[in-house]
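Report on the following structure.
For clarity, every value in this text was computed on a predicted model and none was experimentally measured. The sequence lines fix the lettering, A, B, ..., with proteins before strands; numbering per chain opens at 1. Only heavy atoms go into these numbers, but all of them, side chains included; no hydrogens, no water, no symmetry mates.
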Amino acid sequence: MQYFIQVVVDGVATGAIYGALALAIVLVNRATGLINFAQGAMAVMATFVAFALTRAGVPLIAAALAAFAFAFVLGALLERVVVRRFEGGDPDIAVVATIGLLVLLTGISAAFFGYEPHPFPSFFPLGTVNLFGVFLSFRSLGTIVILVVAMVALQVLFRSTKLGLAMRAVADNPRSSALSGLPVSRLLMIGWGLAAGLGALAGILVAPQLFISPGMLDFALVYALAAAILGGLDSPVGAVVAAAFIGVVENLAGAYIDVIGDDLKIAVPFAVMIVILIVRPQGLFGRKVVVRV
Amino acid sequence: MRNFHKTTRVTGAVAVLGISALLVTGCTRADTSGTGTGASAGAAEASPGITDDSLSLGISSPLSGPTAGPGSCSVAGLYTYLEAKNAAGGFEFGDGKTRTVKLTYLDDVYDPAKAVSNFRQLEGDGIFAYVGALGTPTNAAVMPVANEEKVPQVLLVTGATTFSKDQKTNPWTFGLLPTYFDEGAAFGKLLADAGKAVTVATLAQNDDYGKDYLAGFQSAIEGSDVKVVGSATYEPSDTTLDSQVTELAATKADTLLSAVSVTPLQVGVLTRAQDIGWLPRIFLPSNTSTPATVIEPGQGTAYPALYSTSLTKVPVSPAFADDEEVKAYNAAFEKYGSKITTTYTPHCAWSYAEGAILEQAFKGMTDPTRDSFMTALHSITGFHAPLLLDGITVDTTATDKPAIQGIQLVQYNGKGYAPASKY
């Protein structure tokens with residue numbers, strides 16, 4: 001039983017890594033209706049800013065804030081300069097443009113910092129708490145707590161603030177929003193900026209474990225996209241729950257089903273995902289969008 | 001329904017990307033195969049990539065991604081040796097000519113498909129030989145192509161047995177390093193010789209790399225009191241090995257054989273096991289045992305003992321600061337290799353020694369052909385390559401062994417490694 005709980009807890013901790021990035025993907029989708037494949041690369045670039053600052057002796061918390069600010073500006077700028085040209089057009093083209101950004105940003109990070117993975121300091125000490133024989137590391141615990149706080153904050157932003165409402169309106173129908181006096185351009189930039197900031201947070205949280213390198217989030221992005229789609233692309237809660245679900249299912253299958261073992265376990269959550277999406281195409285927590293004619 | 005619709009669009013975009021990637025690799029194949037067959041027609045005339053005053057070599061290693069550190073070093077050490085020698089006048093060949101040796105290097109991100117396309121590109125560019133590439137899965141993918149095209153694929157920076165054990169079937173392929181089998185066996189022998197009951201958990205990469213360690217280890221503990229009580233595997237693309245470590249920690253084994261080749265993952269193993277209160281003695285493979293990049297970030301001093309194996313003097317260690325070979329290496333690396341990487345892993349020293357082995361082969365080459373090169377390469381005995389530890393020599397004559405033989409089991413002492421004597 002103890003082992004079972006440990007496996008589940010480990011799964012949630014792994015899921016937290018995917019969840020952090022999935023939240024950023026959801027935020028962009030909420031704000032602009034797009035899927036941003038460059039989310040991971042933007043997060044890595046911001047994390048590199050924090051990395052360079054900590055190396056220069058700046059305390060981690062200050063470096064993290066600087067990275068967050070950098071990410072916000074980067075996100076807003078990319079939206080204004082690059083993505084803006086593809087909005088309102090064919091979403092396929094916009095998606096391909098973000099894939100282009102992914103390659104470009106990864107290359108820029110590599111040009112400055114090289115491809116070798118470097119250790120990155122953590123907010124939380126190494127070590128664990130032992131709850132009834134189940135070990136939970138401070139790092140995982142910290143990541144999960146911050147993630148839940150970010151998730152709640154996002155949910156509040158979209159559900160209960162004017163800014164959130166305005167952003168939703170813009171994502172849903174930019175032309176009507178503009179006609180009703182919303183500053184569409186600025187709102188889109190804010191949406192991308194916030195998402196990039198959230199990505200920076202994700203990058204800083206997972207870098208101590210993955211080691212920082214330009215490709216740090218490449219594999220995590222696959223899981224994050226899966227989590228975002230499984231949870232329903234427009235639901236922060238859904239993304240986080242789905243990410244935890246993916247982590248737990250993967251671990252349980254690896255630990256308890258001998259045929260699957262450690263080698264095939266990554267396939268299990270994806271198989272489950274396909275089944276769920278067939279039954280609920282809008283995802284676990286997503287809402288069906290009804291278009292009135 | 002909008003979400004669902006978008007998902008299919010994204011899937012579509014990804015599929016298109018995949019197809020275009022396939023098309024690109026397909027084209028490369030068609031482009032270069034012609035060059036290859038034409039080249040190996042006559043034995044007497046010069047092979048591609050060699051003239052009276054130059055010879056060109058090619059290498060594809062991971063220069064980006066998680067294996068970039070070792071990969072960059074596998075290029076940087078060799079590049080250092082070659083460029084230093086070029087600057088000193090060039091290499092003397094067995095046919096009496098002196099040539100400068102040029103090295104072209106490409107990045108394969110530790111991806112087998114990319115390694116094959118790089119190999120074909122290098123072949124198309126007219127390299128004489130493909131040397132020193134790092135990576136088990138990548139070299140395994142290149143091996144059939146190299147042997148079909150009769151291009152030397154030699155002194156590979158991998159310890160997998162595959163590349164050396166059957167040189168009759170694959171006459172153009174040849175490994176550099178003592179095998180992972182030998183490493184695993186050296187560690188197994190240490191435990192078996194302890195003369196008491198020892199329990200072991202094993203964690204291994206799910207490919208030839210991991211399997212060789214396990215096979216070597218098993219062969220050495222046969223019939224002893226050493227018992228394997230748990231085993232787990234992983235894929236190099238995994239983001240964390242926490243669940244594997246949890247699984248193994250449940251066995252409470254005395255010892256962990258951690259055949260993990262990816263640096264961040266190996267660090268994760270070290271931090272994770274101590275986090276959950278499991279403190280076994282740990283064996284680390286030679287390529288993920290560097291103190292600065294693995295043991296220090298992983299807080300390895302928490303464990304009762306850390307073992308690894310060693311082949312070479314450590315140029316970055318003060319213990320070897322006065323060694324003449326180390327001084328020569330450091331001066332040359334500063335000048336040439338540091339353009340490629342500044343982070344030291346043992347692969348830098350290995351590939352530097354590899355340069356010296358190539359030089360020996362060039363000296364024995366009587367014709368400017370690949371055949372002559374292979375014959376010369378397989379005729380080196382008792383050669384001491386620079387940086388190799390005493391007692392470790394180069395012998396290329398066996399048809400089932402790599403170029404460098406002998407291995408030293410070492411134990412971490414808080415600063416660096418010292419020879420390990422007993423468990």
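- Residues forming a salt bridge (charged side-chain N to carboxylate O under 4.0 Å, His left out) with B:Arg272 (at least two apart in sequence, or on another chain): A:Asp10.
- In this structure, chain B has a heavy atom under 4.5 Å from the side chain of A:Tyr18, while its backbone stays farther away.
- Neither the backbone nor the side chain of B:Glu296 comes within less than 4.5 Å of any heavy atom of chain A.
- Proximity to chain A is absent for every atom of B:Thr67, based on heavy atoms less than 4.5 angstrom apart.
- With a 4.5 Å cut-off on non-hydrogen atoms, B:Val109 does not touch chain A at all.
- Most heavy-atom pairs under 4.5 Å with chain A, from the set B:Asp242, B:Asn206, B:Asp238: that is B:Asn206.
- For B:Gln244, the part sitting under 4.5 Å from any heavy atom of chain A is the side chain, from C-beta outward, and nothing else.
- Put simply, the side chain of A:Arg139 does not reach to within 4.5 Å of the side chain of B:Asp275, judged on heavy atoms.
- Here B:Val267 is the residue among B:Val262, B:Leu265, B:Thr263, B:Val267 with the most heavy-atom pairs under 4.5 Å with chain A.
- Heavy atoms closer than 4.5 Å to chain A are found in both the backbone and the side chain of B:Thr233.
- Interface summary for chain A: among B:Pro70, B:Ala68, B:Ser64, the most heavy-atom pairs under 4.5 angstrom belong to B:Ser64.
- Heavy atoms of other residues, nucleotides or ligands lying less than 6.0 angstrom from CZ of A:Phe112 number 12 at most.
- The shortest non-hydrogen separation linking A:Leu210 to B:Thr239 is CD2-O, 3.2 Å.
- When the candidates B:Ala250, B:Ala232, B:Pro264 are compared by the number of heavy-atom contacts under 4.5 Å with chain A, B:Pro264 comes out ahead.
- In this structure, chain A has heavy atoms under 4.5 Å from both the backbone and the side chain of B:Ile276.
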